Amino acid sequence: MIEGSLDWLKQIGGRPDGMSVDASGMLTLTGVPVDRLTSLYGSPLFVTTEQVIRENVQRLRDAFSSRWPTGAEIFYAIKTNNCLAIRSLLSQEGVGGECFGDIEYRATCEAGVCRENIILNGSDKTESALAAAVQGNSIINIDSLDEIAVLSRLATAKRPVRVNIRLRLAPKELDTFGASFFKTGSSASESLLSAKWGFSEDAASDVILALRDDPKFDLLGYSAHVGRFTNDPAAFHVVGQELARFTTAMKARVGFWPRVIDLGGGWPRLREPESRASEVNPHDIEDYAEAMTSALRAGLHGPLPRLFLEPGRYLVGNAVVLLSTVTTTRSDVGRKWIHVDASTNLLMRIETSRSWYNLLPASRMTAPPRNVATVVGPTCIPSVLGVDRPMPDLQRGDIVAIPDAGMYAEVLASQFNGMPRPAGIMIAPDGNIDLVRRRETYEDIYRNHKIPQRFAEQSAVARKSLP
Ligand SMILES: *Cc1c(COP(=O)(O)O)cnc(C)c1O
């Protein structure tokens, strides 16, 4: 038995992210009670809060621009959450696009981003994606020699192709931060060295020599996405130091000084499911901005390049709540289970990366937790959303809300067990609600399947009589 009540919102960091609790104990999002949302749009349901995304943009922009005299430009990594409504909202906020491949490039364009404000990434980009980027005068973060050959062919006399060189940064000093995030089992620096991306110092100097005097290319600078592998700002400082050291070494070696440094994404949030822990991150975006920019300012002895950022998780992670509905509760062998209608196939990083999500008793936010329960989804794998979580007594029809479903959730969601992917809605600052993705149907799941005619004929006669 657990005594007393829990202030759930305080427990998840005290930053409401548009969340509040009404007099009846119901969680509200931008003032709208969540039971109203599920009764209007069904369950499970992805709910995006517009205002949170706008605030995230502002805060990230301020954190870097106030620490970097030549300013910082933001390019949203659409892989994090490919919702076109979110992408359009970010376009309104003046956020450029970071894309991988043809489809993301097209989606980013169609959601209102000017092609010149798009960065194309990828370890082995398709010729069609490169052609689109060349035609659109987008920025290409070069990641292989083959790609340079293709670009040489695609370049037109009209203007040079804007490129950065993606670097392979793997400073030994990162090993003090542990490598538990990486699945390779070796050290952090070894993991980064063995990953497929980027050019080492020797390889990069050859690329610089090849591109610098080629009129087909406009070499802007470097791309240096390392990504989030820890919440420790000191690790970001180390990456910044390494980047400055690399830049300085290249200046001495081949005389190149960048106009742009693209720091990539990976900027951690207050709540980071990927940290695999319930603890709220004690660091804010300003700490990461300070760690990175101070290292760069101290180490770069030359004109300061423009900073590019490619945030994904930071802009959208906390802006989406996944609402689910309790379907069954059971007690047996001294344990309790709460079954909800959302499975881990909507939060795949629980299965693939042991991500840890908060689970809020959204329809009983003021009821005291009575027990610990394991919260599970309906699919025919264990589908454990959370083990031994303190929960009030919940019944069929109650709502469980899962914050931080804005990053790497919908985009990784599968239709396993014939589960249609949920609807998505967006709530405007005035409480207005828009459907931004309709719930899938049987037809959506089977749209591209074809039964060969010979089986279709057979299945008519495959009837058996069984007891
Ligand atoms: C994934 C990715 C990002 C975004 O990463 P977040 O951790 O979501 O911020 C940015 N740039 C590149 C190249 C990426 O692969």
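All residue numbers refer to positions in the sequence shown, counting from 1. This structure is a prediction, so every number in the text was calculated from the model and none was measured. Read the numbers this way: they start at 1 and go in the same order the structure lists the ligands and their atoms.
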Is it true that [X] and [Y] make a salt bridge, defined as a side-chain N closer than 4.0 Å to a carboxylate O?
X: Lys196; Y: Asp124; answer: no
X: Arg15; Y: Asp284; answer: yes
X: Glu272; Y: Arg313; answer: yes
X: Lys79; Y: Glu104; answer: no

With atoms numbered from 1 as shown, which atoms in ligand 1 lie under 4.0 angstrom from a non-hydrogen atom of [X]?
X: Arg166; result: 13 (C)
X: Asn121; result: 13 (C)
X: Thr80; result: 8 (O)

Nearest-neighbour protein heavy atom for [atom], which is reported as residue plus atom name and distance:
atom: atom 7 (O) of ligand 1; result: Arg313 NE, 2.7 Å
atom: atom 12 (C) of ligand 1; result: Glu310 OE1, 3.4 Å
atom: atom 14 (C) of ligand 1; result: Lys79 NZ, 2.8 Å
atom: atom 9 (O) of ligand 1; result: Gly266 N, 2.7 Å
atom: atom 8 (O) of ligand 1; result: Tyr408 OH, 2.5 Å

request  = Can you label the angle between the Phe75 ring and the Phe308 ring as parallel, tilted or perpendicular, going by 30° and 60°?
outcome  =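 The arrangement is tilted - the two ring planes meet at 30° to 60°.
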inquiry  = Check this for me - ligand 1, Tyr314, N or O atoms closer than 3.5 angstrom, yes or no?
reply    =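 Such a contact does not occur with ligand 1.
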query = Hey, does Gly312 come in under 3.5 Å of ligand 1, counting only N/O atoms on both sides?
reply =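 Min N/O separation from ligand 1 is below 3.5 Å for Gly312.
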query = Can you tell which of Arg59, Glu290, Arg269 makes a side-chain contact (heavy atoms from CB on, under 4.5 Å) with Ile285?
reply =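 The option that passes is Arg59.
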Within 6.0 Å of CH2 in Trp197, more than 12 heavy atoms from elsewhere =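 No - once you tally the heavy atoms of other residues, nucleotides and ligands closer than 6.0 Å, there are 12 at most.
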task = With heavy atoms only and a cut-off of under 4.0 Å, state how Glu274 meets ligand 1: side chain, backbone, both or neither.
result =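 Neither; nothing of Glu274 gets under 4.0 Å from ligand 1.
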inquiry  = Quick check on ring-ring contact (aromatic ring centres under 6.0 Å, His included): which of Trp267, Tyr314, Tyr288 does Phe64 satisfy it with?
reply    =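 It is Trp267; the other options fail the test.
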